[in-house]
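The figures that follow rest on heavy atoms only: side chains count, while hydrogens, waters and symmetry mates do not.
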Amino acid sequence: VQASDGDSILMAQKIARQLGLAVGISSGANLIGAIRLQEKMGMDKTVVTVFCDSNKKYALYRCESAFFEDGCSSCELDKEFKIEFNQFLV
């Protein structure tokens, strides 16, 4: 399962905004992959992923980095993945 860099960044932003978890781009990609895998396997299947990084290396560039910009409510990722994070929290 693959995820583009752009989608991974947007997912990491969404995780940070909605869950308050300071995850990195790889974690965003992991969640996209897990969601796509669950869609492929069936919603009755359980898929587990790991948030393997943080956004610490981007924190110094907060004002300049697109990684931290808000306002992706109209992005394609939000349209593709109708995510309610509460369903993923155990």
Straight-line distance of [X] [atom1] to [Y] [atom2], nearest 0.5 Å:
X     : Y     : atom1 : atom2 : value
Ile9  : Ile25 : CD1   : CD1   : 4.0 Å
Leu10 : Ser4  : CG    : OG    : 8.0 Å
Thr49 : Leu31 : OG1   : CG    : 7.0 Å

Only counting residues at least two apart or in another chain, list the ones meeting side chain to side chain donor-acceptor pair (under 3.5 Å) with Asp53.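 Side chain to side chain donor-acceptor pair (under 3.5 Å) check on Asp53 returns Ser27.
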
Provide the closest heavy-atom pair for Asp7 versus Ile32 in the form atom of the first, atom of the second, distance. O-CD1, 3.4 Å

Heavy-atom pair with the smallest gap, counting every atom of Asn55 and Val23: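 Closest approach of Asn55 to Val23: CB-O, 3.4 Å.
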
Check whether any side-chain heavy atom of Met11 sits under 4.5 Å from a side-chain heavy atom of Ile35, and report yes or no.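 With C-beta onward as the side chain, the pair touches.
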
Quick check: does any side chain N or O of [X] sit under 3.5 Å from a backbone N or O of [Y], one acting as donor and the other as acceptor?
X     : Y     : value
Arg17 : Ala12 : no
Asn30 : Val50 : yes
Gln38 : Lys45 : yes

Does Leu37 sit in a hydrophobic cluster with other residues, and if so which ones, taking ILVMFWY side chains as linked at heavy-atom separations under 4.5 Å, directly or through other members?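 The other cluster members (ILVMFWY side chains, heavy atoms under 4.5 Å, direct or chained) are Met41, Val47.
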
